[in-house]
Amino acid sequence: MRIGIAGLGTVGSCVYAILSDKGDEIEKRSGRRCVVSKVITRTHSKYEKLGIPSDLIAEDFEDLIINSDIVVETIGGTEAARKLVKQSLELNRTVVTANKMLISEFGNEFMNSSPIKSLFFEAAVGGGIPIISLLEDYLIFHGIKRIRGILNGTTNFILSEMQKGIDYASALKIAQEKGYAEADPSSDVKGFDAAYKLSVLTGVKTGVFPGISTIETKGIEGIEKSDLERAATAGKKLKLIGTIDFERERASVQPQEVERDDPLWSVDGVENAIEVETDLSGRFLLRGEGAGAQPTATAIISDILRASRYAEKQSNSVVIMKFGGTSVDTPEKIKDVAQRVQRKVLSGVKPVLVVSAMGFETDTLHELAREISDKPNGREMDMLLATGEQKSIALVAMAIQELGMKSISLSGNQARIQTDSNFSNARIVGIDADLINRYLKNGYVPVVAGFQGSTFSGEITTLGRGGSDLTAVVLAKALGSQLCEIYKDVDGVYSADPRIVPNARPIKEISWEEMIELSKQGAQVLQSRASEFVRKYDIKVLVKNAHTNARGTLIWRGSKVEQPIVRAVTSDQDIVKVVLQEVPDRPGIAARVLKTLAEQNVNIDMIIQSMRSGDYNTMAFTIQASDLDKLKQDVLKSRSEAREITVEGAIAKLSIVGVNLTATPAIAATLFETLANEGINIDMISASNSRISVVIDNKKVSLAVNAIHSAFSLEEII
Ligand SMILES: Nc1ncnc2c1ncn2[C@@H]1O[C@H](COP(=O)(O)OP(=O)(O)O)[C@@H](O)[C@H]1O
Ligand SMILES: N[C@@H](CC(=O)OP(=O)(O)O)C(=O)O
């Protein structure tokens with residue numbers, strides 16, 4: 001289990017120390033391996049003080065959450081803590097916290113956001129006393145009549161001191177000197193701390209956290225020496241008692257006199273004690289250390305171990321790690337990849353690798369084939385292209401084995417990735433995940449060749465350029481993995497191609513819809529078929545740098561936003577414009593043109609029709625340059641009755657991608673104005689809610705992309 005710790009105060013640093021120093025012992029006793037994967041705290045000097053390695057330091061909450069299975073919240077307060085817990089639950093993480101105020105006030109909100117048990121807070125009540133596990137587990141089928149106890153060590157210490165004959169102010173001073181009371185002791189002495197705990201206990205039993213406004217609360221501030229003396233004369237002691245009467249649906253915190261035969265009589269000093277009255281098993285008394293770093297941290301560790309049972313079931317710990325060609329183009333980079341895989345394995349995750357051909361190997365193989373033939377046979381071409389990935393998977397598996405781990409390389413055929421027989425652009429029709437699952441069960445790291453599969457009859461096929469992404473996301477689905485990590489030579493998905501815009505920045509998270517648009521409009525980060533697939537099957541993708549610890553970009557459902565947002569600007573120069581001159585202005589002609597293109601398997605993107613004279617139109621559309629070979633111009637000319645067909649190559653499509661773009665005309669206006677200011681002419685326009693595209697002169701691309709990037713201040717958004 002990967003554990004992320006937020007907040008390194010007394011409790012947080014104690015949790016860190018226990019997990020780091022006693023991880024092996026905990027594993028021996030519990031059978032569970034818990035490794036701290038990330039930590040974050042406000043006071044940066046703590047990192048050095050606690051000797052925390054730099055790769056464990058999270059950049060921010062998202063970074064911590066993404067890299068953890070269980071998030072431990074020891075920040076305190078309700079503002080940042082609420083944000084962290086909410087976000088963790090939204091991302092299907094399990095949360096452990098000691099924050100009674102947070103649970104009391106926002107427990108209902110948290111419970112609603114996750115259908116499975118994802119929130120653990122044993123440490124919020126009674127420090128090391130396991131009252132919550134008792135209620136949740138052992139007593140689950142019992143009726144609870146009443147919970148009653150001494151829930152606050154500070155006030156119990158003060159009252160015990162006053163018992164010795166001193167007044168309230170002197171007793172409080174001693175408590176502060178001993179570190180039992182805060183400089184501002186109000187939450188304890190006014191009874192609020194105990195009230196929060198009652199609210200938490202009520203929530204555990206009833207499923208609804210009432211908050212403290214419904215709890216009648218009286219503290220110990222008004223208590224005088226004489227009150228204790230009077231009680232003593234009557235053979236009693238004065239204690240601050242919290243009570244929940246489930247039958248009468250009433251809760252209170254009050255100073256009360258207890259008799260000698262009361263189980264709470266002898267609970268003195270900072271000790272806590274909780275009495276539970278049940279219908280089936282009578283009364284229980286739990287007594288022990290109610291606060292302090294060690295007992296609280298121990299309760300947190302217990303919760304982590306309890307939580308890991310749920311977390312294990314909830315998240316299949318298989319993670320797909322896809323490494324693109326640039327991430328494995330030298331033996332050094334391959335060794336680096338193996339080390340990253342080793343760290344993953346150590347954190348309790350089972351990785352399945354998908355690897356592309358080294359560097360520009362696929363391009364080189366294409367060129368090699370062209371030296372032999374202008375139109376190479378499809379079957380032979382795929383036989384050739386598949387060798388690229390076959391070479392890299394073997395090398396990666398060797399590098400992993402060198403580090404002492406079990407690993408096996410699998411070609412597309414061996415990994416049972418079945419495709420149709422459309423050579424060079426095959427579609428995956430099925431994956432039999434049994435074999436990979438068997439290797440995983442036996443402790444292997446499978447290294448699967450991306451970009452390839454095989455037909456039913458065993459012919460080798462490839463999936464089209466960039467197809468390893470598709471292999472990765474399809475495998476994520478087949479193996480039930482919740483996360484597919486795509487490793488690149490850049491820090492994630494950027495606001496623009498970083499080779500064109502030097503101050504482009506990585507985007508933290510982006511929705512599936514936006515990613516589909518970006519992929520289609522030329523960003524080379526995720527293949528567009530893979531983008532469509534992850535949206536269809538709800539797969540979260542994390543695009544990360546293969547060689548740094550940068551957080552990367554999360555591609556997922558996305559947060560709900562009403563405001564229009566421009567997320568990125570992208571360009572595509574691999575397009576051409578086909579112009580049909582003087583097409584008769586007659587109904588049915590446009591349909592005939594589109595039908596002809598469909599028959600020829602040519603996808604059109606933007607289309608425009610302009611009136612030239614009364615009887616003729618000019619029709620123009622853009623297609624991918626690679627589709628030009630398929631376009632039979634003579635057939636199109638005769639079907640459309642065009643006078644002439646011309647093809648223009650020196651163009652580029654520039655797009656802005658984001659949310660709610662057409663809802664605000666000002667966005668399109670800024671785009672057009674920026675281009676006009678740079679003297680760039682717009683040839684064609686198309687718009688949807690998540691994209692606005694324009695066709696411009698391809699020599700102006702860099703100028704245009706940079707101007708638009710800065711017009712929308714994309715370098716500033718975090
Ligand atoms: N919006 C974008 N965000 C990030 N990278 C982009 C974007 N648009 C284009 N790119 C380019 O895409 C390349 C893709 O990464 P790379 O690691 O080369 O892919 P591969 O997985 O094939 O090795 C990067 O080098 C980057 O320059
Ligand atoms: N090697 C194949 C498949 C692939 O996806 O590669 P990469 O992940 O490096 O883009 C190609 O170049 O198309």
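Fair warning: this is a prediction, and the values are worked out from it, not measured in the lab. Just follow the structure's listing: the first ligand is 1, and inside any ligand the first atom is 1.
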Proximal atoms of ligand 2 relative to Gly325 (non-hydrogen, under 4.0 Å):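 By the 4.0 Å cutoff, the relevant atoms are 7 (P), 8 (O), 9 (O).
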Per-atom contacts of ligand 2 with Arg465, taking only distances under 4.0 Å to non-hydrogen atoms: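 Taking each heavy atom of Arg465 in turn, ligand 2 has 11 (C), 12 (O), 13 (O) under 4.0 Å.
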Options Lys322, Gln521, Arg567, Gln524, ranked by nearest heavy atom to atom 14 (C) of ligand 1, top entry: Gln524
Which atoms of ligand 1 are found less than 4.0 Å from any heavy atom of [X]?
X      : value
Gly324 : 20 (P), 21 (O), 23 (O)
Ala523 : 1 (N), 8 (N)
Val493 : 3 (N)

With distance as the sole criterion, is a donor-acceptor pair present between the side chains of [X] and [Y] under 3.5 Å?
X      : Y      : result
Glu514 : Ser511 : yes
Ser519 : Ser531 : yes
Ser655 : Thr570 : no
Gln524 : Arg465 : no
Ser495 : His709 : yes
Asn545 : Arg551 : no

Within reach of ligand 2, part of [X] (heavy-atom separation under 4.0 Å):
X      : value
Glu389 : side chain
Glu361 : neither
Ser356 : side chain

Identified side chain to side chain donor-acceptor pair (under 3.5 Å) counterpart of Ser454 within the set Asp382, Asn413, Thr419, Thr461: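 It is Asn413, the one option of Asp382, Asn413, Thr419, Thr461 that forms the side chain to side chain donor-acceptor pair (under 3.5 Å) with Ser454.
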Electrostatic pair Lys333:Asp329 at N-O distance under 4.0 angstrom: yes
Pair Asp469 + Lys322: basic N to acidic O under 4.0 Å: yes
Consider ligand 2: state whether an atom of it lies below 4.0 angstrom from any non-hydrogen atom of [X].
X      : result
Gly466 : yes
Gln524 : no
Gly388 : no

Contact partition for Pro498 relative to ligand 1, non-hydrogen atoms under 4.0 Å: side chain
Closest approach of Ser688 to Glu517 (non-hydrogen atoms, all atoms of both residues): OG-OE2, 4.0 Å
Non-hydrogen atoms of Gly649 and Val576 that approach each other most closely: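 That would be CA-CG1, 4.0 Å.
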Nearest neighbour in protein (non-hydrogen) for atom 24 (C) of ligand 1: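 Here the nearest protein heavy atom works out to Asp489 OD1, 3.6 Å.
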Could you tell me whether ligand 1 has any atom less than 4.0 Å away from a heavy atom of [X]?
X      : answer
Val525 : yes
Gly492 : yes
Gly325 : yes

Quick one: does [X] get an N or O within less than 3.5 Å of an N or O on ligand 2?
X      : result
Ser468 : yes
Gly324 : no
Thr326 : no

Plane angle bin for Tyr487 and Phe323 - parallel if under 30°, tilted between 30 and 60°, otherwise perpendicular: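 Aromatic pair Phe323/Tyr487 classed parallel.
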For ligand 1, which is the ligand I care about here, please tell me if [X] has any N or O atom under 3.5 Å from one of the ligand's N or O atoms.
X      : answer
Lys488 : yes
Ser327 : no
Arg499 : yes

Greater than 12 external heavy atoms within 6.0 Å of Lys83's NZ: no
N/O donor-acceptor pair under 3.5 Å between Asp69 side chain and Arg2 backbone: yes
